[in-house]
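Counting starts at 1 for both ligands and their atoms, in listed order. No hydrogens, no waters, no symmetry mates; every other heavy atom, side chains included, goes into these values.
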Amino acid sequence: MSHGDDDYVRALAAAVRHSTAWLRSLPGRRVGPAAAAHDLTDSFGGPMPRGGMPAEDVVDLLARTAEPGLMAMPSGRFFGWVIGGTLPAALASDWLVSAWDQNAGLRYATPAMAAIEESAGHWLLELLGLPSGADVGFVTGATMANFTGMAAARWRLLADAGWDLDRDGLFGAPRIRCLVGRERHDTVDLGLRYLGLGKPAVVDADSQGRLIPGALDALLAEGSGPALVCLQAGNLHSGAFDPFPEAIRVARKHGAWVHIDGAFGLWAAAAPELRSLTRGYEEADSWGTDAHKTLNVPYDCGIAIVRDASALRSAMGLHASYLVHDAEGPGDPFEKVPELSRRARGVPVWAALKSLGSDGVAAQVRGLAAAAADIAAGLAGEEGVEVLNDVGYTQVCLAFGDDATTRAVTARIISDGRVWMSGSRWRDRDILRVSVSNWHTSEDEVRTAVDAVKAAFSAVRGG
Ligand SMILES: *Cc1c(COP(=O)(O)O)cnc(C)c1O
């Protein structure tokens, strides 16, 4: 069978049919899934089939069976967690990445992928106002982006302390003191665990979850030796940003490496109206972000940015006799990420940036923050509704009196299905958490969200 054969054409045509039907269903469909995973395992499972099935039929069966178990996450009415949507250019180019099937690790072997990702990297640094010489690696998400940045930190801090990490590992190494804000994302702790750096020391935060620089200074002053400080751009509850100029000044005074987790917050730097939130953050050493959240490329794509390219390449690079290493150029993609073989995740990022332009990215990020502000404003005046955070970015935290009522309102919204929002706990209270991260969320979706919350609250009160 050749590659031009009808099997490919028919299977891809089926994928286009089902994808188009899915995308067309998004504006009107109920957001939550109609089936739970255990309702579907029988349809997908059973004994491993002995014989095969034509590719087109597999795609048809897959799409039909999956349909009731799909969450309308790419809909503008999905406000759960921070998920993002998918821009048309990003989605279509992601299909191309699969069709091309390039292993994007080696610059020499897949020159187009390397060139596209390098360009996307340069654009990102310019867009986000980060140092133009920094290394950019495309990983699966912010968890791995943070891990990658902190791995470079570990390598550099130990090298500066005279310790050969690659030869001697961590046993007997000088201890690296790791410090995080009280409201950092849990995946920062996970990254530190992967790196064998243990549990971080926790720095106190203010009412919006911003790390307090004075408290950081006091904790750092208690000890000495190598230190890694992890700051945050975009608190998952309040959307707040750590005070970078002050916190970085304190960290520098103690010789610490500064990493910033900006999974969805780094993008504030791309919008002139929001840029003050990230003021001073370019002075850090490394940054982790997601492209699958605020930029709206399909899952999965995160971005690791490291100023000290040699630390990153020392931590992630490898030399194998069978690989053809990039000698003249800017180095191989695999030197900047944990993986050797991987898909060209930077391609949909390039396509998203090309389709939007910097004005478009700015408008998109501004639009997300404006929608969050409008949802908060639409509910703030309602008797019994509390907006708990200062809404300055994309996050809104709501409470409805006591915890039980808030939980009931959350459950009611989810069962109503017009919008989807998740519950959480913040500042010792149950909350309804609204995250705006999808380019499809416009005035209509904002109105629907406000109406759905009001209706759920009044139903809970009345019942
Ligand atoms: C989502 C998120 C992460 C983890 O990102 P993944 O893409 O899920 O790996 C880390 N930090 C923050 C602030 C986040 O919002």
Side-chain donor-acceptor contact under 3.5 Å, Asp402 with Thr405: yes
Side-chain (Asp101) to main-chain (Ser98) donor-acceptor, under 3.5 angstrom: no
Crowding at CZ, Arg429 (>12 non-hydrogen neighbours, <6.0 Å): yes
Show me the donor-acceptor pairs, under 3.5 Å and distance only, between side chains in residues 114-123 and residues at least two apart or in other chains.
{"unit_1": "Glu117", "atom_1": "OE1", "unit_2": "Arg342", "atom_2": "NH2", "d": "2.6"}
{"unit_1": "Glu117", "atom_1": "OE2", "unit_2": "Arg342", "atom_2": "NH1", "d": "3.2"}
{"unit_1": "Glu117", "atom_1": "OE2", "unit_2": "Arg345", "atom_2": "N", "d": "3.3"}
{"unit_1": "Glu117", "atom_1": "OE2", "unit_2": "Gly346", "atom_2": "N", "d": "2.8"}
{"unit_1": "Glu118", "atom_1": "OE1", "unit_2": "Arg107", "atom_2": "NH2", "d": "3.0"}
{"unit_1": "Glu118", "atom_1": "OE2", "unit_2": "Arg107", "atom_2": "NE", "d": "2.6"}
{"unit_1": "Ser119", "atom_1": "OG", "unit_2": "Ala115", "atom_2": "O", "d": "3.0"}

Please set out all donor-acceptor pairs under 3.5 angstrom arising from side-chain atoms of residues 358-370, sequence neighbours excluded.
{"unit_1": "Gln364", "atom_1": "NE2", "unit_2": "Thr294", "atom_2": "O", "d": "2.9"}
{"unit_1": "Gln364", "atom_1": "NE2", "unit_2": "Leu295", "atom_2": "O", "d": "3.2"}
{"unit_1": "Arg366", "atom_1": "NE", "unit_2": "Glu273", "atom_2": "OE1", "d": "3.0"}
{"unit_1": "Arg366", "atom_1": "NE", "unit_2": "Glu273", "atom_2": "OE2", "d": "2.8"}

Protein residues having a heavy atom less than 4.0 Å from any atom of ligand 1: Gly141, Ala142, Thr143, His185, Thr187, Gly234, Asp261, Ala263, Phe264, Asp290, His292, Lys293
Pairwise side-chain hydrogen bond (donor to acceptor under 3.5 Å, both in side chains) hits with a residue in residues 183-198, at least two apart: Glu183-Asn235, Glu183-Trp426, Arg184-Asp189, His185-Thr187
